[in-house]
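Since the structure is predicted, the reported quantities are computational estimates derived from the model, not experimental observations. All chains are named by letter (A, B, ...) in the order of the sequence lines, taking the proteins before the strands, and each is independently numbered beginning at 1.
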There are 2 protein chains.
Amino acid sequence: MKPDKQKRLEAAGFKIGTADDFLKLTPAESELVTLRLSLAHDVRRRRIALHFTQADLARRLGSSQSRIAKLEAAEPDVSLDFLFRAMFAMGAKRREVGQLIAAV
Amino acid sequence: MKPDKQKRLEAAGFKIGTADDFLKLTPAESELVTLRLSLAHDVRRRRIALHFTQADLARRLGSSQSRIAKLEAAEPDVSLDFLFRAMFAMGAKRREVGQLIAAV
DNA sequence: AAGTGATATGTCAATTCTGACATATGTCAA
DNA sequence: TTGACATATGTCAGAATTGACATATCACTT
């Protein structure tokens, strides 16, 4: 958001902040949320780059299409284990995953 | 292991390899195992650097001393979620965690 | 409009993971 | 040796996550 727009909104009584602020997350919780979102987004990016459907990826993981949809939506009942397994199942290396996680 | 020692052992009929080889892990499984071990090791390293006992860390996580012991031992019933929560609970940032994961 | 393939959403029983607890082992100082 | 503190190991009921399935929605072609 541009600074001037933020000023105008605040003048109008709106509090502006990130979703983390809004939800009053601790720094640790915030890091975890960001991590989950990054992974979920990258799974989709990689899947599409490989021309896989969700069903294709599910088959590789011994899972189901609906679970992949939930994974990519970063739904709260999706574990980090599942997210990482999806990454590695698409050939991602620790090096690449580390870079993704470290990215600001 | 030093190369010469490995040669001697192989000459004696021993097969030398990594645990991954021995267990016949796929590359994806291998990446996951290494990831878990790296995190578990780093949790212990950080905890000790902070002069925390396992009970201290457990309290921060709303967990128990025994679960932290299992975590640091990378026992198979410990989730990646729990490992990451422990890292972040000790103040680790995504940047640092990413570097740890990316490290060869 | 109807058909087709991909993705999203909801539910649920089974599996997996968790905190809690008991207890064992280890370490070190008094 | 005893005591005090830290860590390890085992168990288990409850909580969280899973695959499977049904079905809805979307995008595109005919």
Where the side chain of A:Arg85 is concerned, which of C:dT9, C:dA8, D:dG19 is the nearest nucleotide?
D:dG19

In terms of side-chain heavy atoms of B:Gln54, which of C:dG10, D:dG10, D:dA8 is nearest?
D:dA8

Return the value, rounded to whole Å, for the distance between atom [atom1] of [X] and atom [atom2] of [N].
| X | N | atom1 | atom2 | result |
| --- | --- | --- | --- | --- |
| A:Leu50 | C:dA6 | CG | P | 15 Å |
| B:Asp81 | C:dC17 | CG | P | 10 Å |
| B:Phe82 | D:dA15 | CZ | C1' | 14 Å |
| B:Lys70 | C:dA22 | NZ | C1' | 11 Å |
| A:Leu80 | D:dA16 | CG | C1' | 13 Å |
| B:Arg59 | C:dT18 | CZ | C1' | 18 Å |
| B:Glu72 | D:dT7 | CD | P | 7 Å |
| B:Arg67 | D:dG10 | CZ | C1' | 12 Å |

What does B:Ser64 touch in the nucleic acid at a heavy-atom separation under 4.0 angstrom: a base, only the sugar-phosphate, or nothing?
base

Would you classify B:Arg44 as touching base, sugar-phosphate or nothing, given that sugar-phosphate means primed atoms plus P, OP1 and OP2, and contacts are heavy atoms under 4.0 Å?
sugar-phosphate

Mind checking whether A:Met90 and B:Val33 sit in one hydrophobic cluster, side chains of I, L, V, M, F, W, Y counted as touching below 4.5 Å?
no

For B:Arg60, does the CZ atom have more than 12 heavy-atom neighbours from other residues, nucleotides or ligands under 6.0 Å away?
no

Using heavy-atom distances to pick each residue's nearest nucleotide on DNA chain D, tell me which of B:Arg47 and A:Gln65 is more 5'.
B:Arg47

Comparing B:Ala55 and B:Asp77 on DNA chain D - which has the more 5′ nearest nucleotide:
B:Ala55

Is there a side-chain contact between A:Leu61 and A:Ile68 (heavy atoms, below 4.5 Å)?
yes

Would you mind checking if A:Arg47 and A:Glu72 are paired as a salt bridge, meaning a charged N to carboxylate O distance below 4.0 Å?
yes

Between B:Arg85 and B:Asp81, does at least one N-O distance fall below 4.0 Å, as a salt bridge requires?
no

Considering every strand shown, what is the Watson-Crick or G-U wobble mate of D:dA24 when both distances are under 3.5 Å?
C:dT7

Scanning all shown strands, the Watson-Crick or wobble mate of C:dA13 with both distances under 3.5 Å is D:dT18

Look at the side-chain N and O atoms of B:Ser79 and state whether any lies under 4.0 Å from the OP1 or OP2 oxygen of C:dC17.
no

Looking at B:Thr53 and D:dC5, is any side-chain donor or acceptor paired with a base atom of the opposite kind under 3.5 Å?
no

